[in-house]
Amino acid sequence: VQLQASGGGLVQAGESLKLSCVASGPTSSIRWMSWYRQAPGKMRELVAGITSGGSPSYADSVKGRFTISRDNAKNTIYLEMNNLKPEDTAVYYCNVPTPGGAYWGQGTRVTVSS
């Protein structure tokens, strides 16, 4: 499975961004897809995930501001990020666990200035 993330950028606090992650290859076994992020000097953390049926879950730090969605026909997940804060600055990675192993995208950088 290959994952291609895009959509990061530099924004000011309070603005929005929408990330995309496209999965390709043997995607038939994919059920759960998620976004992680890693800020400088910090551990990678789970931001949001979504089942193949569209049920989302979120980290407490992003609830009410971020929305994860999924288009199964396109093997794509999205992360709409609103009211961004400087503490959201990180490299965002998409992740897909499969029976054959877990796969990571290359990451897309989000920088939020105050």
Side-chain angles (χ1 to χ4, degrees):
V1 176
Q2 294 79 45
L3 300 171
Q4 181 68 45
S6 61
L10 171 63
V11 297
Q12 294 187 334
E15 295 184 339
S16 300
L17 278 175
K18 187 173 184 178
L19 308 183
S20 300
C21 176
V22 181
S24 60
T27 58
S28 61
S29 63
I30 294 175
R31 299 294 180 264
W32 173 262
M33 299 181 74
S34 59
W35 288 98
Y36 282 73
R37 67 185 180 187
Q38 187 165 19
K42 295 189 176 181
M43 299 287 288
R44 192 171 295 189
E45 63 175 357
L46 177 65
V47 176
I50 189 166
T51 67
S52 55
S55 296
S57 64
Y58 300 95
D60 287 343
S61 58
V62 306
K63 280 181 182 176
R65 300 188 298 122
F66 290 12
T67 301
I68 188 170
S69 59
R70 179 169 179 166
D71 185 333
N72 288 327
K74 296 181 179 179
N75 292 315
T76 301
I77 58 169
Y78 306 94
L79 187 67
E80 184 167 1
M81 306 183 294
N82 298 316
N83 189 23
L84 282 161
K85 303 176 180 181
E87 52 264 42
D88 295 317
T89 294
V91 178
Y92 285 70
Y93 300 89
C94 49
N95 172 267
V96 168
T98 73
Y103 296 89
W104 293 91
Q106 85 286 4
T108 184
R109 185 176 300 276
V110 173
T111 303
V112 185
S113 63
S114 57

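- Note: the hydrophobic cluster containing Y103 also contains I77 (ILVMFWY, side chain heavy atoms under 4.5 Å, direct or indirect links).
- Residue S34 holds its OG atom at 5.5 Å from CG of L46, rounded to the nearest 0.5 Å.
- Between S6 and T108, the shortest heavy-atom distance links the atoms C-OG1, 4.0 Å.
- For R44, the side chain to side chain donor-acceptor pair (under 3.5 Å) criterion is met by Q38, not counting sequence neighbours.
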Report the C-alpha separation of C94 and W104 in whole Å, then their side-chain angles, then the decisive distance to 0.1 Å, and conclude whether the side chain to side chain contact (heavy atoms under 4.5 Å, CB included) test is met. CA-CA 6 Å; C94 49; W104 293 91; over 6 Å; no
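- One distance of note links CE of M33 with OG of S69; it measures 11.0 Å at 0.5 Å rounding.
- Without hydrogens or angle criteria, T27 side chain to I30 main chain gives no donor-acceptor distance under 3.5 Å.
- Here E80 contributes atom CD and I68 contributes atom CD1; the two are 12.0 Å apart, rounded to the nearest 0.5 Å.
- When hydrophobic clusters are built by joining Ile, Leu, Val, Met, Phe, Trp and Tyr residues whose side-chain heavy atoms come closer than 4.5 Å, directly or via intermediates, Y93 is not grouped with L3.
- In this structure, OH on Y36 lies 14.5 Å from OH on Y92, to the nearest 0.5 angstrom.
- Between the side chain of T89 and the backbone N or O of T111, no donor-acceptor pair lies under 3.5 Å.
- Residues that satisfy the side chain to side chain donor-acceptor pair (under 3.5 Å) test with E87, not counting sequence neighbours, are absent from this structure.
- Between the side chain of S55 and the backbone N or O of G53 there is no donor-acceptor pair closer than 3.5 Å.
- A 4.5 Å side-chain heavy-atom check between V1 and S24 finds every atom pair outside the cut-off.
- Donor-acceptor pairing under 3.5 Å is recorded for the side chains of S16 and N82.
- Not one N or O on the side chain of Q12 forms a donor-acceptor pair closer than 3.5 Å with the backbone of S114.
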Can you list the steps and then say if K63 with D60 is a salt bridge (charged side-chain N to carboxylate O under 4.0 Å, His left out)? CA-CA 5 Å; K63 280 181 182 176; D60 287 343; 3.1 Å; yes
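- Hydrophobic cluster membership differs between V47 and V22, with clusters built from Ile, Leu, Val, Met, Phe, Trp and Tyr side chains linked at under 4.5 angstrom.
- Linking ILVMFWY residues whenever their side-chain heavy atoms come closer than 4.5 Å, directly or via other members, places V62 and V11 in the same cluster.
- F66 pairs with exactly one of L19, N83, L84 by the side chain to side chain contact (heavy atoms under 4.5 Å, CB included) rule, that one being L84.
- Taking the side chain as every heavy atom from C-beta outward, K42 and R37 never approach each other to under 4.5 Å.
- By the rule that hydrophobic residues join a cluster once side-chain heavy atoms approach within less than 4.5 Å of another member, M81 and Y58 end up as members of one cluster.
- Pairing each heavy atom of S29 with each of T98, the nearest pair is OG-CB, 3.8 Å.
- From W32, atom CH2 reaches atom CZ of R70 across 9.5 Å, with rounding to the nearest 0.5 Å.
- The distance from atom CZ of R31 to atom OG of S52, rounded to the nearest 0.5 Å, is 5.5 Å.
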